[in-house]
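Some notes on the structure that comes next.
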Protein chains: 2
Amino acid sequence: MTSNFISIGELSRLTGLTAHTLRFYESAGVLKPVGRASNGHRRYHSNDVLWLEFVLKLKLTGMPLAEIRRYAQLREQGEMTLDSRLAMLTRHRERLVAKMTALAACADTLDEKIRIYRSMIAKLKAPTKR
Amino acid sequence: MTSNFISIGELSRLTGLTAHTLRFYESAGVLKPVGRASNGHRRYHSNDVLWLEFVLKLKLTGMPLAEIRRYAQLREQGEMTLDSRLAMLTRHRERLVAKMTALAACADTLDEKIRIYRSMIAKLKAPTKR
DNA sequence: GCTTGACTTAGAGTGCGCTCGAAGTTCTAG
DNA sequence: CTAGAACTTCGAGCGCACTCTAAGTCAAGC
């Protein structure tokens with residue numbers, strides 16, 4: 001049977017992050033200091049993987065590492081911080097929605113520009129009457 | 001009658017960018033060297049403003065300045081670069097759509113997490129039966 | 001026993017996009 | 001005539017998120 005624990009290299013392959021980045025996240029307080037094997041090597045458990053996956057979603061949606069660290073710290077303090085964490089998530093969600101709205105508006109501008117370009121190109125390439 | 005030209009300070013107020021940033025964009029090749037008043041001060045025309053607004057949309061949607069500069073350079077070479085510019089815009093649009101899709105998925109995860117948090121909090125706060 | 005490779009630490013370096021400071025010039029209002 | 005605001009250039013500095021280097025340890029396979 002395979003172990004429940006994975007090495008930093010395996011987690012790296014799993015997430016696409018380098019081992020360097022994973023250690024960096026730990027030193028930045030985004031990942032909590034993780035269990036070690038007898039030789040001192042990091043051993044990640046499935047909980048760690050799930051947390052990291054959520055972290056990557058926060059990051060992808062534009063939350064800075066410093067804020068993710070604050071969230072992580074609240075998380076370690078147990079369920080008495082549920083309120084604060086909910087507030088952070090709600091606030092982040094609002095920012096995300098605003099950003100998505102802005103992006104959609106930009107996409108529209110882009111589409112219109114593309115349409116105009118296509119018609120300009122079509123005109124330039126039209127067979128000259130003669 | 002007011003002039004058709006605006007100063008860097010006015011453009012700064014108009015766009016929310018600092019004058020420093022506007023000069024930086026010029027030195028980075030994102031804005032082309034602009035007309036000057038007799039005293040050497042920059043004078044921006046409405047065309048420049050429109051271009052800058054488009055640049056800000058490209059930037060907001062994640063296009064790096066280096067790529068915006070390439071687009072700007074093509075633009076200065078006239079209509080013979082329409083094809084390349086269209087290709088850049090189309091490619092960027094695809095990346096944008098991919099990003100928006102990813103963000104929407106993250107928003108769903110976030111929503112679910114928020115829902116779970118709310119129900120956990122509700123349970124904790126429920127009157128204890130006794 | 002020796003090589004290979006995955007891991008460890010601490011700390012320096014990189015790339016991007018600004019952001020600021022210094023020192024000087026010029027316009028405007030009082 | 002003078003004060004203050006707005007502008008000029010050049011170049012250094014900053015914040016973020018990595019990214020890499022160096023030097024070392026340890027375990028497995030030949």
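Computed from a prediction, not measured in an experiment: that's the story for all the values here. In what follows, chains carry the letters A, B, and so on, assigned in the order in which the sequence lines appear, proteins first and then strands, with residues in each chain numbered from 1.
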Whole-Å gap separating [atom2] ([N]) and [atom1] ([X]):
| X | N | atom1 | atom2 | value |
| --- | --- | --- | --- | --- |
| B/E10 | D/dC7 | CD | P | 7 Å |
| B/H20 | D/dG11 | NE2 | P | 15 Å |
| A/L31 | D/dC18 | CG | P | 11 Å |
| B/E26 | D/dT9 | CD | C1' | 12 Å |
| B/R23 | D/dG11 | CZ | P | 15 Å |

- prompt: In this structure, which one of A/I6, A/T21, A/L17, A/L22 forms a side-chain contact (heavy atoms from CB on, under 4.5 Å) with A/S12?
  reply: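 Single pass found, and it is A/L22.
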message: Need two values: the first and the last nucleotide of DNA chain C, 5' to 3', having an atom under 4.0 Å from any heavy-atom of chain B.
response: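 Contact span on the strand: C/dG17 to C/dC27.
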- prompt: Take atom CZ in A/R43; do more than 12 heavy atoms of anything else shown fall under 6.0 Å from it?
  reply: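 Enclosed: over 12 neighbouring heavy atoms sit under 6.0 Å from CZ of A/R43.
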Parallel, tilted or perpendicular: ring planes of B/H45 versus B/F5, cut at 30 and 60 degrees: tilted
field: N/O (side chain, A/Y25) to phosphate O (OP1/OP2, D/dC18) under 4.0 Å
entry: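 For D/dC18, OP1/OP2 do have a side-chain N/O of A/Y25 under 4.0 Å.
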task: Supply the atom-to-atom distance A/W51 CH2 to A/I68 CD1, rounded to the nearest 0.5 angstrom.
output: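 Between A/W51 CH2 and A/I68 CD1, I get 7.5 Å after rounding to 0.5 Å.
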Report yes or no: do [X] and [Y] form a side-chain donor-acceptor pair below 3.5 Å?
| X | Y | result |
| --- | --- | --- |
| A/Y71 | A/R85 | no |
| B/T61 | B/H92 | yes |
| A/T109 | A/E112 | no |

- request: Would you jot down, in residue-number order, the residues of residues 41-72 of chain A having a non-hydrogen atom under 4.0 Å from DNA chain C?
  value: A/H41, A/R42
task: Would you classify B/S7 as touching base, sugar-phosphate or nothing, given that sugar-phosphate means primed atoms plus P, OP1 and OP2, and contacts are heavy atoms under 4.0 Å?
output: sugar-phosphate
task: May I have the step-by-step check of side chain to side chain contact (heavy atoms under 4.5 Å, CB included) for B/K125 and A/D83, ending in yes or no?
output: CA-CA 11 Å; B/K125 289 197 176 150; A/D83 280 356; 3.6 Å; yes
